[in-house]
Structures are given as C-alpha cells and as structure tokens.
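First the structure, in the form of structure tokens, and then the observations on it.
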2 protein chains.
Amino acid sequence: MLTKKELKEFCAEARENYLPHISIDCVVFGFHEGIMKVLVLKVQNEDEWYLPGGFMLKNEPIEKAADRILKERTTLDKIFLQQFQVFGDPERSKEHFDMYKDMLPAKENWFSNRFLTIGYYALVDFFETNPNPDQFAESCQWRGLDDLPDLKLDHALILKTALDTLRLQLNYQPIGYNLMPKEFTMPELQKLYEAILDKKLDRRNFQRRMLGFGILTRSDEPRKGGAHKAPYLYSFDLKNYEAALKEGFKGGW
Amino acid sequence: MLTKKELKEFCAEARENYLPHISIDCVVFGFHEGIMKVLVLKVQNEDEWYLPGGFMLKNEPIEKAADRILKERTTLDKIFLQQFQVFGDPERSKEHFDMYKDMLPAKENWFSNRFLTIGYYALVDFFETNPNPDQFAESCQWRGLDDLPDLKLDHALILKTALDTLRLQLNYQPIGYNLMPKEFTMPELQKLYEAILDKKLDRRNFQRRMLGFGILTRSDEPRKGGAHKAPYLYSFDLKNYEAALKEGFKGGW
DNA sequence: AATCATAGTGTATTAATGACACAATTGTAA
DNA sequence: TTACAATTGTGTCATTAATACACTATGATT
C-alpha cells in the first residue's frame with residue numbers, strides 16, 4: 001500500500017498520462033519442471049497477491065500497453081500476447097477503492113474510478129524471464145498452478161478464465177512454441193500438454209501424433225548428462241508450425 | 001449526422017450517464033433462407049453504414065449494456081451474447097471525431113474522446129427479430145454476408161473478427177440452437193453450418209454426425225406444404241445439447 | 001553384472017470420417 | 001395421367017485416425 005504522498009504523486013501522474021476507467025491485467029504463463037507457472041506480485045508488507053497489470057497511455061494501442069507492462073515485469077521483449085476477455089463488473093475494483101478512499105478526495109483519486117480491465121494471457125520461456133516487481137509490490141515471482149496464493153480483486157477469476165482459454169486455444173495458437181525453450185525432449189513437451197489439459201496422455205500415441213503434424217525437427221544430438229537413456233532433442237519447425245496452426249490441429253469440419 | 005443542437009444535447013446526456021472512452025459494438029447474426037445475415041444501420045441521408053452499438057452506463061455491467069443496446073435494436077429480450085474482442089486502435093474513432101469536431105469544443109464534445117469498443121456477437125432467431133433504428137440511423141436492416149455495404153470506422157474489421165470467432169466457436173457455443181427457429185429440417189441446419197464454415201458439407205455424413213451427437217429430437221410430423229419430399233422436423237434437446245457443448249463436439253485430446 | 005528408471009518403437013483393435021448410389025416423395029410440365 | 005425434376009432419406013464400403021497395449025534400448029547406480 002502506498003503512503004499518502006506516494007498515492008498523490010501516482011494519481012497526478014496517472015490522471016495526466018493514462019486513460020481513465022481502463023486497466024490491463026496479464027496472466028503470464030511459464031513452464032518449468034513439468035508444472036505450469038504464473039507470474040504473481042506480492043504487495044509490500046502484506047500477504048496480498050495480484051497479477052501483473054497496469055494502465056494504458058492516452059494514445060497507446062492496447063497491445064502496446066500490454067507489451068510495455070510486461071516488459072517491465074519480465075525484461076522480455078517480443079512476448080506472445082493474446083487478449084482474451086474484458087472484466088467489467090462494476091464492483092470489481094472495490095477493494096482498491098476502499099483501500100485508498102480515505103487518503104485522497106474522490107476527484108483526484110485515481111482509484112475512485114470504476115475500472116474495466118482487459119485480460120491478456122502471455123506465454124514466455126521460463127528460463128529467459130527475469131521477474132521484476134512493480135511500484136506497489138515487494139516481489140514478483142513464479143507460482144505453480146497447484147501452489148497459487150489467493151489473489152486480490154477478481155484476479156483469481158481472470159486467471160481461471162485465462163487457463164480455460166488456453167485449453168480451448170491449444171490447437172489454434174502457438175502455445176507449445178512459446179512456452180518451450182528452443183530445444184526440448186518429447187517427454188517434456190508431453191508434460192506441457194498434460195499440464196495444460198490437466199490429464200495424462202499416452203506416451204506413444206502422443207509422440208506419434210506430434211510427429212504426424214510435421215512441425216518438429218529432431219536434432220542430431222540427443223540430450224546428454226541426465227540419468228537414464230538419452231532422449232532426442234526437438235525444436236519447432238516454425239514455418240510448418242504456423243501453416244498447421246492456421247488449419248488447427250484437429251481437423252474439424 | 002446530428003444537428004448542432006442535437007449533438008449538444010446528446011453530449012450533455014452522454015457525459016452525465018456513460019463511461020467515457022468506452023463503447024460497445026455488436027455483430028448480430030441471423031439466419032434466413034440459407035444465408036447468414038447481419039444487422040446493420042444506415043446513417044440518415046447518407047450512404048453510410050455501421051453496426052449496432054452504444055455506450056455503457058456508469059454503473060452498468062458490460063453484458064447488461066450490450067443487452068440493453070440490443071433490446072433497443074431488436075425488441076428481443078434474452079439474447080445470446082458473446083464478448084469476443086476489444087478494439088482499441090487510437091485512430092479507430094477518427095471518423096466520428098472529424099465529423100463532429102467543428103460543432104462543439106473538445107471539452108464538451110463526446111466524440112472528441114478516443115474510444116475503445118468492446119465487441120460482442122449476438123445470435124438471434126431471424127423470425128423473432130424486429131429491427132429498429134437508433135437516433136443516428138434512418139434504418140436498421142438485415143444484410144447477407146454476401147451483400148454487405150461498406151461499414152464505417154473499423155466496423156468491417158469487427159464484423160470479420162466476429163465471423164472468425166463464430167467459426168472457431170462452432171463446436172463450443174450453442175450456435176445452432178440460437179440461430180435456428182424452434183423447429184427446423186436437417187437440410188436447413190446443414191445450410192447454417194455451410195454458411196458459417198463457408199464450405200459444402202456432405203448431406204449424408206452431416207446427418208449421421210449430427211444425429212450421433214444425440215442433441216436433436218425428431219418430431220412426429222414432417223414439414224408439409226413445400227414442394228418435393230416432406231422433410232422431418234427436428235428441435236434441439238437443450239439438456240443434451242448443453243452437456244455435449246461442455247465437452248466440445250470434436251473430441252480433442 | 002544386475003537393477004532401475006526412462007526413452008524409443010510397433011501392432012492389433014476399434015471408432016470416426018469420407019466417398020459414394022439408390023430409393024422415396026411431391027409438385028410441375030408434357 | 002404420366003414422366004420429370006428437385007429434394008429428402010438411408011446404407012455400405014474403404015480409408016483414416018484414435019486407442020490400448022508390450023517389448024527393447026540406454027545409461028547411471030549398486
């Protein structure tokens with residue numbers, strides 16, 4: 001929570017630069033050790049958590065704003081972003097309103113606004129990401145889907161909706177490509193699908209199907225060093241991948 | 001286009017009642033005589049066309065606003081609505097801005113705002129709908145997808161995006177249920193699918209598959225009166241339909 | 001050298017899809 | 001009234017995709 005002075009400065013700057021009533025919240029997915037993880041921020045000195053988000057400059061395209069916000073949180077540049085829903089319950093930002101209502105009169109208090117928030121999900125390479133807190137937060141960290149803190153406002157709903165969208169879009173968006181590192185093994189890719197779909201898949205059928213799509217290139221060198229039999233390394237053949245995505249991976253009518 | 005007096009009144013009312021910077025635009029689909037149709041409005045005395053839309057009351061949930069706007073345009077009550085995207089290019093409402101900029105100073109001119117618009121698509125029963133123009137329009141009418149006028153602003157993009165979304169969601173949303181009248185024949189339903197997917201389907205395979213979903217009830221009485229062999233009438237078994245939709249109609253992983 | 005965990009591969013069964021042809025019904029034109 | 005055209009209903013076969021399942025290979029550990 002901000003001090004009165006910080007709040008006043010923030011509000012003055014916000015009113016000058018940002019569109020009122022509108023915010024952006026992002027669900028940033030990363031994949032690590034077989035678990036889907038999400039970036040969350042922790043409020044200073046409180047056990048309160050929220051999703052990375054921010055506001056839109058008065059003359060900024062929405063996607064640019066999401067990009068800018070996420071660059072600040074992750075240090076990453078060309079992030080894969082997908083807008084998935086606007087959340088606009090008139091009561092949704094009440095917590096923020098209550099928190100700051102006594103510190104500044106409504107007229108100059110940015111948080112006395114009702115906010116619609118535009119939800120984006122982002123897919124990033126876990127290993128390339130350096131989480132960075134924003135000015136309200138004490139930390140910014142990865143948390144597994146099975147280990148999420150309670151989130152403030154309607155951020156739990158936003159996260160759930162993002163996950164549902166991810167599941168639905170698995171066959172239409174380059175989800176594997178954006179979440180996996182450049183090279184990966186087939187079992188690793190399978191774990192990603194299992195994490196997103198929340199179910200076990202058959203190893204042999206998964207491999208056959210994936211290879212059948214013709215979107216993977218097998219490297220000459222297997223991964224070394226680990227225990228057990230050395231698995232092959234694969235990478236996405238981006239050209240074939242994008243062509244296949246246009247059709248969707250399932251077939252359809 | 002409004003007169004100066006009308007504009008002034010509208011702006012005063014708008015500023016008092018609506019959230020600034022935010023609008024809603026709707027792509028209303030109906031199905032008639034084998035053709036997908038969309039509701040469009042024609043500007044008074046101009047050959048200019050746009051989609052039904054409006055603004056959000058300061059304390060109104062988004063979906064309620066879309067509902068209210070569409071009730072005014074269609075006289076329909078519980079319309080099936082699906083939010084599909086926010087359009088936020090900073091230049092997107094420039095045409096409106098230019099049209100009215102000389103009539104009122106920016107400060108009191110509602111249209112000097114940049115607007116983000118929340119796109120909804122709606123599915124309605126063509127035969128139940130009574131198109132109604134809004135205060136800017138001279139008429140509100142159905143137009144087939146193959147017979148669309150040029151649309152103002154970015155409304156052509158909004159329409160195209162809605163159609164793409166419809167295609168993608170065909171297996172996850174009750175699209176047939178909302179677009180067809182209560183009773184319909186199998187060939188009619190097939191024409192709907194063909195119109196949405198923009199491709200021919202095999203009559204026999206379509207029927208086998210549709211019946212296989214177990215979501216249709218065949219009426220005892222065939223449709224009478226038409227030329228040729230009398231087709232059977234079907235209706236949706238809503239309970240089974242909704243259960244099947246939860247899974248999606250394709251199978252998937 | 002035996003063991004354990006993991007990776008790679010193949011095959012048989014079943015289900016879904018796609019392609020296709022013929023019979024039935026009804027209005028219209030000869 | 002009869003032949004025809006247009007449309008609907010239904011069945012079958014071939015192909016393809018999905019599922020279920022078992023064995024072999026490799027490399028580290030003991």
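Reminder, nothing fancy here: chain letters follow the sequence lines and each chain counts from 1.
Atom-to-atom, CG of A:Leu211 to P of C:dA7 comes out at 15 Å; the value is rounded to the nearest Å. Atom CZ of A:Phe206 is separated from atom P of C:dT9 by 15 Å (rounded to the nearest Å). Put simply, CZ on B:Phe213 is 14 Å from C1' on C:dA15, counting in whole angstrom units. Following rounding to the nearest Å, B:Gln207 (CD) and C:dG18 (P) show an atom-to-atom distance of 16 Å. Rounded to whole angstrom, the span from the CZ atom of A:Arg218 across to the P atom of C:dA7 amounts to 14 Å. Atom CZ of A:Arg203 and atom P of C:dG10 are 13 Å apart (whole Å). Taking atom CD of A:Glu188 as the reference point, atom P of C:dA7 lies 9 Å away to the nearest angstrom. In this structure, CG of B:Asp202 is placed 12 Å from C1' of D:dT10, rounded to the nearest angstrom.
Shortest non-hydrogen contact noted between B:Met186 and B:Met210 is SD-CB, 4.2 Å.
Under the 30°/60° scheme for interplanar angles, the aromatic rings of B:Phe84 and B:Tyr121 are found to be tilted.
Considering only side-chain atoms of A:Asn205, the nucleotide from C:dC20, C:dA7, D:dC21 that sits closest is D:dC21. Among the nucleotides C:dA7, D:dA6, D:dG9, the one closest to any side-chain atom of B:His228 is D:dA6.
Interface remark: the A:Arg204 side chain does not form any donor-acceptor pair with the C:dG8 base, using a distance-only criterion of under 3.5 Å. Counting atom types as modelled, B:Arg208 pairs no side-chain N or O with a base atom of D:dG11 as donor and acceptor under 3.5 Å.
A:Tyr241 and A:Phe236 have their aromatic ring centers within a separation under 6.0 angstrom.
The residue from A:Phe126, A:Phe31, A:Phe127 that alone fulfils the ring-ring contact (aromatic ring centres under 6.0 Å, His included) condition with A:Trp142 is A:Phe126.
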